[in-house]
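Below is one structure, written out as structure tokens, with a few remarks after it.
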Protein chains: 2
Amino acid sequence: MAILGIELSINEKLYQRNPQRTELGRSILRHSILMIDELGLERFNFRKLAERIGSTEASVYRYFENKQLLLVYLVNWYWEWMRFRIDMKAMHINDPKEKLRVAICCIVDTAKRNARIEFIDEDVLHRIVVAEGAKAYHNKEVDAQNKDGFFWSYKELCNRIANIILENNPSFPYPRALASSLLEMANNHIYFAEHLPRLTEVKEEGDLLKQVELLLLYFAWRLVFPSEEQSEQAAGHRFNSQSGQVWH
Amino acid sequence: MAILGIELSINEKLYQRNPQRTELGRSILRHSILMIDELGLERFNFRKLAERIGSTEASVYRYFENKQLLLVYLVNWYWEWMRFRIDMKAMHINDPKEKLRVAICCIVDTAKRNARIEFIDEDVLHRIVVAEGAKAYHNKEVDAQNKDGFFWSYKELCNRIANIILENNPSFPYPRALASSLLEMANNHIYFAEHLPRLTEVKEEGDLLKQVELLLLYFAWRLVFPSEEQSEQAAGHRFNSQSGQVWH
DNA sequence: AAATAATGATAGTTTTGCTATCATTATTAG
DNA sequence: CTAATAATGATAGCAAAACTATCATTATTT
């Protein structure tokens, strides 16, 4: 997929025909995102999608085997996009702490549309990932699908974040667990704030994403930094170290 | 539901007829748990269930409106059971730290069958909660269902844990978020260890549940305790601090 | 023994998930 | 510019899933 000339590659086994290369394919992507958001995954189906885009069920099936794989394709796109953004932003940063801050910012921020890809509405895709993302790998075919590399993007994304965590604290015992937890928390606490507010301190009102970012920063900072740096704390703006850096 | 003479109450709107009160109802519960575990939620349906228990589809529908609500019923049972166990175990403990340790133990441990309720196999139910639990509230009806109190048990469970967190550190800013995250992490890291091992440090081999418990304890301790207490650490036994703590 | 409630048996409806066939329209290659 | 080839549309159909309805039968309660 061409973004600023760079290609995000999605596992080829996820589709029958590359949806990005044709008008119909892009239409399938665009409207499946909108419809899954509107109807939810279970009420969404290829018949309704075909009707909406003025095509036929058979044609849609020529691109994706079924809606489960279409969902996996979409969340892969999201994960790839997030990983790309983290790589971009972190590339030229030397300070590992700043790198981690930027990564967490990306985790929460990938929602906001940046690349102008006509056929993917990142805002809506983000809502899908929040609401339905976990269903991509919660099914009886996980192991087979994992073998086919369907979750490579997610694992690689997790890996990137884990490495940044290790740069900050090489002896942190749970870099991957923290990375995946931060990714999952980002989605969960948005969802909780909107639907089950008693499960989180994040409030629907106000800047929800900013609150989630602060939450993740708080958790990450407390966990990865040896306690002498705790004084500096996580919270957002006033993250300039008033106190000199000690560690490393 | 009678366990040692105590009743776990499940929201009455979740069922048409109370499944615990009849032979058929209990058979539905027992075998739906087994079949969802075997087939996964999407391949499981009331026709197959009816066939297996030697009854009819119509009869099953007299107990539960559909399989989504049956799932919600089952995970509610699990949440209620966990909350009950935490209350029981924490009741007579005064030390808040010990209370938190016990709560985390329950979060991970509710898997292991304790109450001998003939028609609920806690081991298998736990696997269902791990693999399918999130689907209980990831659907387009959340808000309506939440209004009907379908998630009260989960929220109340979260609340219990959040209160224990606050007993340990009254100024901890994210008690609910940490509580829900611990609950979600417990499930996720078991699932990851078994299916997507690169997302966690928890290994499938060895005592998986013990590892998850140590992970949760590590996170909880680092997060809720002011750093002078870090030295004592979470994981009970071998968390002795080699390095002296400085901050505060 | 009569009334009531739960189940079984059977049937039928609508929707979903998916495949097949063939004609038509683009696209590309020679 | 035509011939080949690829993609789409149109239509059909089928098997399963997700229900609902009816009525007879069997328990249970009173």
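Below, read A as the first sequence line, B as the second, and so on, with proteins coming before strands; counting in each chain starts at 1.
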In plain terms, say whether Lys48(B) and Glu51(B) are close enough for a salt bridge, that is, a side-chain N and a carboxylate O under 4.0 Å apart. no
Let me test you: for the helix from dA1(C)-dT30(D) to dG30(C)-dC1(D), what is the angle between the axes at its two ends (five pairs each), rounded to 10 degrees? 20°
Both Ala58(A) and Arg43(A) contact DNA chain C. Which one's nearest nucleotide lies toward the 5' end? Arg43(A)
Separation of atom CD1 in Ile36(B) from atom C1' in dA17(D), rounded to whole Å: 15 Å
Which residue in the set Tyr63(B), Phe64(B), Tyr61(B) passes ring-ring contact (aromatic ring centres under 6.0 Å, His included) when paired with Phe46(B)? Tyr61(B)
Look at Lys67(A) and dT16(C) and indicate whether a side-chain polar atom (N or O) is within less than 4.0 Å of OP1 or OP2. no
For the side chain of Arg17(A), counting heavy atoms from C-beta on, which of dA7(D), dG9(D), dT7(C) is nearest? dA7(D)
For the side chain of Arg47(B), starting at C-beta, report the closest nucleotide among dA18(D), dT11(D), dT7(C). dA18(D)
Atom-to-atom span, CZ of Phe64(A) to P of dC18(C) - whole angstrom: 14 Å
Position toward the 5' end of DNA chain D (nearest nucleotide), Leu24(A) or Tyr61(B): Leu24(A)
Closest of dA18(D), dG8(C), dG17(C) to the Asn45(A) side chain is dG17(C)
Closest non-hydrogen atom pair between Leu49(A) and Ser32(A), with its separation: CD1-N, 3.7 Å
Taking CG from Asn66(B) and P from dA18(D), how many angstroms apart are they, rounded to a whole number? 9 Å
Starting at atom CG of Leu41(B), determine the distance to atom P of dA18(D), rounded to an integer number of angstrom. 9 Å
Run the numbers on Phe151(B) and His195(A) for ring pair (Phe, Tyr, Trp, His ring centres under 6.0 Å), then give the verdict. CA-CA 11 Å; Phe151(B) 309 112; His195(A) 302 292; over 10 Å; no
So which one's nearest nucleotide on DNA chain C is more toward 5', Glu57(B) or Gly54(B)? Gly54(B)
Report yes or no: does Gln211(A) contribute a side-chain atom to a donor-acceptor pair with the main-chain N or O of Lys203(A) at less than 3.5 Å? yes
Do the side-chain N or O atoms of Ser55(B) get closer than 4.0 angstrom to the phosphate oxygens (OP1, OP2) of dG8(C)? yes
Is it true that a side-chain atom of Lys67(A) and a backbone atom of Leu41(A) form a donor plus acceptor pair closer than 3.5 Å? yes
Less than 4.0 angstrom between a side-chain N/O of Ser59(A) and OP1 or OP2 of dT8(D), yes or no? no
Arg198(A) CZ: over 12 foreign heavy atoms closer than 6.0 Å: no
Using a 4.0 Å heavy-atom cut-off across all strands, classify Tyr63(B) as base, sugar-phosphate, or nothing. sugar-phosphate
